[in-house]
Amino acid sequence: MSLVRTNLAILGLQWGDEGKGKVVDLLSPKFRQVVRFQGGNNAGHTVVVDGQSIALHQVPSGALHPGCFLVVGNGVVLNLEVFQQELDRLQARGFDLTGRLMLSDKAHIILPHHIALDLWREGGANKIGTTGRGIGPAYEAKAGRMGVRLGDLHHPETLADRIRPGYEEVRLRLGAGAELPSLERVVESLLRIAEPFLPFIGDTQNHLVAAWERGDRILFEGAQATLLDIDHGTYPFVTSSNCSLGGLFTGTGLPPKALDKILGIAKAYTTRVGSGPFPAEMHDATGEHLRQAGREFGTTTGRPRRCGWFDAPITAHACRTNGVDGLAIMKLDVLDGLDEVGLIVGYRTGEGTVTTKLPSCAADWKGLKPEVKYFKGWASTRGITSHGKLPAEAHAYLEALVESVEVPIAYLSTGPDRAEGCIYPGTFLEPLLA
Ligand code: IMP
């Protein structure tokens with residue numbers, strides 16, 4: 001297969017934290033452009049290179065590969081202060097992004113009052129369990145035509161007027177006692193923080209169209225995941241962007257035909273952080289075992305993640321929504337050593353019937369109980385690099401998983417290190433990862 005036109009999207013199929021960072025990092029050396037297209041510093045991924053681990057939130061994972069040009073598309077919301085901290089951390093480890101980073105002039109800026117509003121809401125009864133990073137209010141300001149874009153930084157004289165309407169609304173909402181910096185302070189500190197970024201701000205749509213036309217390979221790195229998508233997730237317990245495939249096109253300005261393949265990432269079990277429907281959740285010792293063995297604590301907030309068996313109906317929904325060509329199944333080794341391993345094949349309703357259909361309304365999830373099929377456990381898959389060497393029991397489990405989501409496995413991760421995993425022969429990933 002020719003690699004030239006393999007522009008690839010990497011998308012999460014559960015509620016985030018599937019291990020996209022490891023896959024993007026593995027694939028990045030084969031791509032010239034690595035692109036973020038939605039989300040902000042609610043995302044968090046740790047990439048490990050030569051024993052060095054670096055936590056990134058907004059900088060695309062290709063940062064650690066000097067041959068990658070990094071693009072932050074227009075669909076992203078950016079906290080520039082946090083971005084600077086990430087650049088400093090990278091610089092301290094010897095990774096310089098000068099000359100290989102472009103930020104869209106249409107990307108929106110997360111401002112201090114967005115964070116204040118997010119935290120204020122999370123203190124109330126309608127808590128979503130957000131990351132508290134101001135993501136929702138920044139996207140609301142964008143949709144409400146009160147957002148501030150990176151391109152506005154080129155016009156410092158009008159910046160206060162751009163920021164004022166959104167700022168005033170938040171001030172009204174939070175009341176006089178709210179601890180908000182003054183508008184002058186917001187403008188002044190934004191200009192100071194933004195100054196080093198000015199040379200990086202540009203027309204990323206043009207940049208990407210030109211890259212596509214000359215045949216540069218492009219890797220699109222999704223943040224969060226389909227069940228957190230504002231339209232296709234478990235609304236209202238979702239993030240505020242389209243984390244599924246549609247967001248890639250609106251978030252870059254590229255047309256669908258610029259994309260060749262879609263790799264969907266899912267853990268061999270399911271986790272979720274924050275509130276909202278999660279039928280797989282296990283409150284028992286097995287759930288705790290998954291949390292400890294899988295180190296299931298948030299990269300961004302440190303919160304313990306809710307854990308359960310692999311939920312086939314939600315993953316099948318995500319595969320359909322994104323038109324996934326192949327699966328990357330992550331963290332299979334976390335299931336090692338269990339007597340039995342469960343797979344959720346449907347939900348039992350209050351009437352006693354079994355369905356695989358996902359409710360669109362949060363209230364309708366409440367009556368659903370997972371219908372679990374159990375498989376015999378196995379001793380160890382840790383570090384296995386060829387799927388032919390997997391224990392027969394792990395094979396049986398994975399076969400049932402594939403059958404339930406109707407998408408083949410292309411990559412299987414068997415440990416945190418980049419060498420720990422199997423590339424499935426004959427899949428579109430083989431020539432890319434070989
Ligand atoms: P927000 O994106 O901070 O507004 O949070 C909305 C919901 O998305 C909350 O349940 C968060 O826990 C969840 N969320 C946001 N980003 C991530 C992520 O990168 N991984 C997992 N959950 C996330």
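The shown structure was predicted, so the numbers you read here are calculated from the model rather than taken from an experiment. Atoms within a ligand are numbered from 1 in the order they appear, just like the ligands themselves.
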Checking a contact table here: which protein heavy atom is nearest [atom], and how many Å away?
atom: atom 3 (O) of ligand 1; value: T131 OG1, 2.6 Å
atom: atom 5 (O) of ligand 1; value: T130 CA, 3.3 Å
atom: atom 2 (O) of ligand 1; value: T239 OG1, 2.6 Å

Have a look at R121, R303, R305 and point out the one with the heavy atom closest to atom 12 (O) of ligand 1. R303
So between I230, T271, L228, I135, whose heavy atom ends up nearest atom 23 (C) of ligand 1?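 The residue whose heavy atom sits nearest atom 23 (C) of ligand 1 is L228.
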Check whether any side-chain heavy atom of [X] sits under 4.5 Å from a side-chain heavy atom of [Y], and report yes or no.
X: L432; Y: L27; result: yes
X: L8; Y: R217; result: no
X: I163; Y: L190; result: yes

Could you tell me whether ligand 1 has any atom less than 4.0 Å away from a heavy atom of A43? yes
Has ligand 1 got any nitrogen or oxygen that is less than 3.5 angstrom from a nitrogen or oxygen of [X]?
X: V238; result: no
X: S275; result: no
X: Q224; result: yes
X: G129; result: yes

Establish, yes or no, whether a centroid distance under 6.0 Å links the rings of H108 and Y139.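 Centroid separation for H108 and Y139: 6.0 Å or greater.
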Are the charged groups of [X] and [Y] less than 4.0 angstrom apart, N to O?
X: E296; Y: R291; result: no
X: R36; Y: E221; result: no
X: R173; Y: E169; result: no

So if I count the atoms of ligand 1 from 1 in the order they appear, which ones are less than 4.0 Å from some heavy atom of [X]?
X: V273; result: 10 (O), 12 (O), 21 (C), 22 (N)
X: W15; result: 21 (C), 22 (N)
X: D17; result: 20 (N), 21 (C)
X: G274; result: 10 (O)

Without hydrogens or angle criteria, can the side chains of H317 and T226 be said to hold a donor-acceptor pair below 3.5 Å? no
Contact summary for A410 and L263, nearest pair of heavy atoms: CB-CD1, 4.3 Å
